[in-house]
Amino acid sequence: QVQLVESGGGVVQAGGSLRLSCAASGRTFSSYTIGWFRQAPGKEREFVEAISQNGGRTYTGDSVKGRSTISRDNAKNTVYLQMNSLKPEDTAVYYCAATSRGTDWGIPSSYAYWGQGTQVTVSS
């Protein structure tokens with residue numbers, strides 16, 4: 001089992017950048033693929049990006065492609081999501097999640113563990 005806590009959200013102007021962090025507790029963190037999702041009011045949860053257990057593979061959603069970079073530090077039990085060139089439509093609650101599955105990283109139901117989320121607001 002793993003517990004996840006997101007941080008780094010806030011209010012940023014359009015065109016700005018943010019780095020979100022997902023800190024995990026538990027000895028088995030390095031055995032999970034970690035994904036980031038986001039959910040805006042009235043919308044379904046949307047896949048952002050995911051990174052494999054050792055960081056060797058990443059998978060990016062269309063909405064942020066070219067504007068985000070995911071990385072992880074297994075020694076610190078932390079995954080990072082760097083987002084650049086932010087747009088007002090990026091405003092949402094951002095969640096990190098953990099899965100032991102090798103496929104379907106873009107599907108929320110693939111993930112067994114979720115954090116509480118961190119709010120990102122991009123002002124125009």
Side-chain angles (χ1 to χ4, degrees):
Q1 192 171 359
V2 62
Q3 290 80 42
L4 305 172
V5 178
E6 303 92 339
S7 62
V11 180
V12 63
Q13 288 190 335
S17 299
L18 277 177
R19 189 176 80 157
L20 306 183
S21 298
C22 174
S25 61
R27 301 180 191 176
T28 60
F29 173 74
S30 61
S31 66
Y32 292 97
T33 287
I34 302 297
W36 284 95
F37 290 79
R38 67 186 186 184
Q39 190 164 19
K43 295 188 177 182
E44 293 187 354
R45 196 160 292 192
E46 178 186 33
F47 173 70
V48 177
E49 196 156 11
I51 188 166
S52 62
Q53 294 93 322
N54 65 1
R57 284 193 298 152
T58 62
Y59 177 50
T60 307
D62 290 338
S63 61
V64 298
K65 197 162 287 185
R67 300 190 293 122
S68 68
T69 303
I70 193 170
S71 60
R72 69 189 295 163
D73 184 341
N74 284 343
K76 296 182 178 180
N77 278 12
T78 303
V79 169
Y80 305 98
L81 181 68
Q82 175 71 41
M83 296 191 298
N84 304 316
S85 302
L86 285 163
K87 306 173 184 179
E89 51 263 44
D90 294 318
T91 295
V93 177
Y94 283 71
Y95 300 90
C96 65
T99 180
S100 56
R101 296 188 62 170
T103 59
D104 296 329
W105 291 353
I107 302 173
S109 60
S110 296
Y111 293 79
Y113 306 103
W114 290 83
Q116 295 297 311
T118 185
Q119 176 71 47
V120 171
T121 302
V122 183
S123 61
S124 57

Visitor: Restricting to non-hydrogen atoms, name the atom on T91 and the atom on A40 that form the minimum distance, rounded to 0.1 Å.
Guide: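 Closest pair (atom of T91, atom of A40, distance): O-CB, 3.7 Å.
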Visitor: At what distance, to the nearest 0.5 angstrom, does OG of S109 lie from CG of D104?
Guide: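 Here the interatomic distance stands at 7.5 Å.
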Visitor: Using 0.5 Å steps for rounding, measure from the OG atom of S100 to the OH atom of Y32.
Guide: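 So the gap between those two atoms works out to 6.0 Å.
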Visitor: For the side-chain contact (heavy atoms from CB on, under 4.5 Å) test, which of D90, N84, V12 pairs with L18?
Guide: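 Testing L18 for a side-chain contact (heavy atoms from CB on, under 4.5 Å) against D90, N84, V12 leaves exactly one candidate, V12.
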Visitor: Are the side chains of R57 and W105 in touch, meaning some heavy atoms are under 4.5 Å apart?
Guide: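 They are in contact (side-chain heavy atoms under 4.5 Å apart), so the answer is yes.
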Visitor: Between I70 and R72, does a side-chain contact (heavy atoms from CB on, under 4.5 Å) hold up when you go through it step by step?
Guide: CA-CA 7 Å; I70 193 170; R72 69 189 295 163; over 6 Å; no
Visitor: For the atom pair OG1 (T99) and CH2 (W114), what is the distance rounded to the nearest 0.5 Å?
Guide: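 Rounded to the nearest 0.5 Å, the OG1-CH2 separation comes to 10.0 Å.
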Visitor: Are V122 and E89 packed together at the side-chain level, in the sense that at least one heavy-atom pair is separated by less than 4.5 angstrom?
Guide: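 SC-SC contact between V122 and E89 ruled out.
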Visitor: Donor-acceptor pair, distance only, cut-off 3.5 Å: does the side chain of N74 make one with the backbone of N54?
Guide: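 Checking the backbone N and O of N54 against the side chain of N74, no donor-acceptor pair under 3.5 Å is found.
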Visitor: Cluster question for you: counting only ILVMFWY and a side-chain heavy-atom cut-off of under 4.5 Å, with indirect links fine, are W36 and I51 together?
Guide: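 Yes, W36 and I51 fall within the same hydrophobic cluster.
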Visitor: Minimum heavy-atom separation for P88 and S124, please, with both atom names.
Guide: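 The answer is CG-CB, 3.9 Å.
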Visitor: So do the side chains of S25 and N77 get within less than 4.5 Å of each other, counting heavy atoms only?
Guide: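 Side chain of S25 against side chain of N77, heavy atoms only: no contact under 4.5 Å found.
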Visitor: Is V79 close to F29 at the side-chain level, that is, under 4.5 Å between some pair of heavy atoms?
Guide: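 Yes. Closest side-chain heavy atoms under 4.5 Å.
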Visitor: Angle class for the Y111/F37 ring planes (parallel below 30°, perpendicular above 60°, tilted otherwise)?
Guide: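 It falls in the perpendicular class, over 60°.
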Visitor: Between R67 (side chain) and S85 (backbone), is there a donor-acceptor pair under 3.5 Å?
Guide: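 Checked: pair present.
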Visitor: Which of these passes salt bridge (charged side-chain N to carboxylate O under 4.0 Å, His left out) with R38: E44, E6, E46?
Guide: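 Running salt bridge (charged side-chain N to carboxylate O under 4.0 Å, His left out) over E44, E6, E46 with R38 returns exactly one hit, E46.
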Visitor: Working to the nearest 0.5 Å, report the span between CG of D73 and OH of Y80.
Guide: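 Result: 5.5 Å between the selected atoms.
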Visitor: Hey, are the side chains of S30 and Q53 touching, using non-hydrogen atoms and a 4.5 Å cut-off?
Guide: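 Answer no - side chains too far apart.
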Visitor: Quick one: do L20 and V48 end up in the same hydrophobic cluster if we chain Ile, Leu, Val, Met, Phe, Trp and Tyr together by side-chain heavy atoms under 4.5 Å apart?
Guide: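 Yes: a chain of side-chain contacts under 4.5 Å links L20 to V48.
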Visitor: I need the minimum non-hydrogen distance between L81 and S68, along with the two atoms involved.
Guide: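 Scanning both residues, the minimum pair turns out to be CD1-CB, 4.2 Å.
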Visitor: One pair to check against side-chain contact (heavy atoms from CB on, under 4.5 Å): L86 and Q13. What are the steps and the verdict?
Guide: CA-CA 8 Å; L86 285 163; Q13 288 190 335; over 6 Å; no
Visitor: If you draw a 6.0 Å radius around NZ in K65, do more than 12 non-hydrogen atoms from other residues or ligands fall strictly inside?
Guide: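 Yes, the 6.0 Å shell around NZ holds more than 12 heavy atoms from other groups.
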Visitor: Is it the case that E49 and T60 place a side-chain donor and acceptor less than 3.5 Å from each other?
Guide: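 Judged by distance alone, the side chains do pair up.
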Visitor: Could you state the interatomic distance from SG (C96) to OH (Y113), rounded to the nearest 0.5 Å?
Guide: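 Here the interatomic distance stands at 14.0 Å.
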Visitor: Heavy atoms only: give me the nearest I34-A98 pair and the separation to one decimal.
Guide: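 In terms of heavy atoms, the two residues are closest at CD1-CB, 3.7 Å.
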